There are 2 protein chains.
Amino acid sequence: MLTAVSTPVATRLLTAAARLLSEEGPAALTTRRLAREVGTSTMAVYTHFGSLPDLVRAVIHEGFQRVAERLRALPATDDPVADLFEECRVTVEYARAEPHHFAVMFSGSPLAGLQMSEDDLRIGSYALRIARDTVERCIAAGRFRPAEPWLVTRHLWCQTHGLIQLERAGYFGPTLVPPGTPYLETYLRDFAVGAGDTLEAATASMARPHPRRATPE
Amino acid sequence: MLTAVSTPVATRLLTAAARLLSEEGPAALTTRRLAREVGTSTMAVYTHFGSLPDLVRAVIHEGFQRVAERLRALPATDDPVADLFEECRVTVEYARAEPHHFAVMFSGSPLAGLQMSEDDLRIGSYALRIARDTVERCIAAGRFRPAEPWLVTRHLWCQTHGLIQLERAGYFGPTLVPPGTPYLETYLRDFAVGAGDTLEAATASMARPHPRRATPE
DNA sequence: CCCACCTCCATAACACTGTTATGCCCTCAT
DNA sequence: ATGAGGGCATAACAGTGTTATGGAGGTGGG
């Protein structure tokens with residue numbers, strides 16, 4: 001039983017699961033709770049999804065799609081480095097807004113015994129294609145030194161996910177990091193410098209006045 | 001009920017928990033399984049630790065200590081950048097050797113409802129002090145541009161944890177990344193460049209023949 | 001020496017979990 | 001109208017964390 005479920009009960013289960021995950025965390029994702037929320041019985045989960053982990057998998061796929069949509073909605077300007085910064089900011093903002101969602105999407109930690117398949121991984125890294133294209137533009141523009149774009153993109157991905165994870169765990173809390181520290185901006189700028197950009201150009205791209213994103217909806 | 005438990009049953013519980021976590025993953029960490037493993041009843045968990053999450057917390061603290069020990073065992077050479085690289089490599093190697101352990105230590109994902117306290121976070125970031133000192137040496141040596149050492153250290157921490165997490169989730173598997181790609185080395189080198197080092201110096205520090213670590217045991 | 005006490009744990013229960021077998025109901029096609 | 005089948009309600013099973021209870025076993029005081 002994969003995805004592509006569209007009967008009304010199945011979609012209601014999906015939205016209820018997303019809401020519960022978002023509002024009360026993974027502990028609220030139980031079959032009985034879902035059934036009560038939707039007004040059905042636990043069997044609905046099994047007829048429509050096969051198991052609870054499979055339902056969670058569907059929720060995850062939806063999350064991937066949502067992030068990819070937000071990234072696709074960003075306009076490409078003539079400053080690819082600034083565009084790359086903006087893409088990272090959007091990702092981090094999504095992760096901060098939906099911490100549980102994001103945690104389940106990427107934790108790899110077996111919530112309810114779920115583990116990602118090869119296909120899941122491919123879907124999960126699909127949003128990376130967008131960043132990869134931007135990285136390629138950075139290289140073509142001479143801002144980044146010539147390199148394999150995927151390799152550079154994955155480096156940024158590591159940095160972004162590490163930041164999100166450590167933020168969520170609390171390691172950037174106010175008692176550990178002085179409040180107001182623009183660490184995300186610093187790390188993005190330094191990443192660009194590490195990829196080949198000059199400190200001045202990277203700083204300028206960071207300070208660039210709002211390459212405001214086209215609102216998705 | 002905090003840590004500092006030393007009665008024989010408690011330590012046997014701890015070692016059994018660490019072994020189960022290491023060998024069979026977090027799903028094996030149940031009170032009944034632990035009791036069976038140690039030859040006692042589930043009540044032992046509660047008299048000695050208070051709850052299962054508290055036992056897991058103790059396991060986590062032990063993991064933190066072990067990583068810090070390995071880092072402290074590294075000798076300081078006259079190339080602080082190479083030393084920093086080595087510290088990262090040791091951390092990544094530990095994470096690869098004990099993936100479940102590391103995942104629980106930093107996932108922040110509420111395994112069995114555990115969530116880190118302020119003290120836990122302080123303990124967790126204690127190993128960072130070692131890296132921070134090395135970063136300071138990099139700045140003092142003129143390899144890194146002047147900056148707040150903690151800020152730079154946390155950047156490296158983000159990058160390292162993101163890589164570990166995505167590796168564990170499978171995003172660096174052979175079907176996604178060409179096998180043999182030295183991505184960790186590339187990312188460390190680019191990080192140094194982003195922190196102010198020159199590409200040539202960073203490459204040289206990376207290629208430096210084994211600043212072999214003093215074996216801890 | 002004996003008795004009180006007190007810590008540690010074995011037993012059993014409670015409320016929960018995911019999952020499955022069974023069977024009913026309702027719909028839809030023939 | 002009647003058979004067929006999908007979708008779900010009910011109830012059960014095996015497992016979970018946790019707690020109350022009570023019984024051993026050692027320890028200290030009289």
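In this text the structure is predicted, and so the values were computed from the model without any measurement.
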(request) Can you figure out which of D:dT16, C:dG18, D:dT19 approaches the side chain of B:Tyr46 most closely? (result) D:dT19
(request) Find which nucleotide of DNA chain D each of B:Val45 and A:Thr42 is nearest to by heavy atoms, and output the residue with the more 5' nucleotide. (result) A:Thr42
(request) Can you tell me the distance, in whole Å, between the CG atom of A:Leu34 and the C1' atom of C:dG18? (result) 12 Å
(request) Using a 4.0 Å heavy-atom cut-off across all strands, classify A:Ser41 as base, sugar-phosphate, or nothing. (result) base
(message) Using the ring centroid of each side chain, check whether A:Phe102 and A:His161 are separated by less than 6.0 Å.
(response) yes
(request) Verify the distance criterion only: is there a donor paired with an acceptor across the side chains of B:His101 and B:Glu62 at less than 3.5 Å? (result) no
(request) Compute the angle between the rotation axes at the two ends of the helix from C:dC1-D:dG30 to C:dT30-D:dA1, each taken over five pairs, rounded to 10 degrees. (result) 10°
(request) Measure from NE2 on B:His48 to P on C:dC9 and round the result to the nearest Å. (result) 4 Å
(message) Whole angstroms only, please: what is the CZ-C1' distance between B:Arg36 and C:dC9?
(response) 18 Å
(request) Establish, with yes or no, whether the OP1 or OP2 oxygen of D:dG7 is under 4.0 angstrom from a side-chain nitrogen or oxygen of A:Thr47. (result) no
(request) Could you label the plane-to-plane angle of the A:Phe106 and B:Tyr171 rings as parallel, tilted or perpendicular, counting under 30° as parallel and over 60° as perpendicular? (result) tilted
(request) Grab the CZ-C1' distance between A:Arg12 and D:dG7 for me, whole Å please. (result) 13 Å
(request) Take B:Asp83 and B:Thr77 through the test side chain to side chain donor-acceptor pair (under 3.5 Å) and record every step on the way to the result. (result) CA-CA 7 Å; B:Asp83 291 349; B:Thr77 72; 2.8 Å; yes
(request) Nearest whole angstrom, please: distance from the C1' of D:dA9 to the CE of A:Met43. (result) 9 Å
(request) Name the nucleic acid region contacted by A:Thr31, choosing base, sugar-phosphate or nothing; use a 4.0 angstrom heavy-atom cut-off, strictly under. (result) base
(request) Report the distance from atom CZ of A:Phe49 to atom P of C:dT19, rounded to the nearest whole Å. (result) 13 Å
(message) Within the structure provided, determine whether A:Leu34 and A:Leu52 are in side-chain contact (heavy-atom separation under 4.5 Å).
(response) yes
(request) Establish, with yes or no, whether the OP1 or OP2 oxygen of D:dC8 is under 4.0 angstrom from a side-chain nitrogen or oxygen of A:Thr40. (result) no
(message) Please evaluate residues A:His100 and A:Glu24 with respect to the criterion side chain to side chain donor-acceptor pair (under 3.5 Å), reporting the C-alpha separation (whole Å), side-chain torsions for both, the decisive distance (0.1 Å), and the verdict.
(response) CA-CA 9 Å; A:His100 300 305; A:Glu24 306 185 28; over 6 Å; no
(message) Set out, in order, the CA-CA distance, both residues' side-chain angles and the distance that settles ring pair (Phe, Tyr, Trp, His ring centres under 6.0 Å) for B:Tyr183 and B:Phe172, then state yes or no.
(response) CA-CA 9 Å; B:Tyr183 51 87; B:Phe172 281 87; 4.5 Å; yes
(request) Could you tell me the separation between the CG atom of B:Leu29 and the P atom of D:dG15, rounded to a whole number of Å? (result) 18 Å
(request) Measure the distance from CZ on A:Arg32 to P on C:dT20 and round it to the nearest whole Å. (result) 13 Å
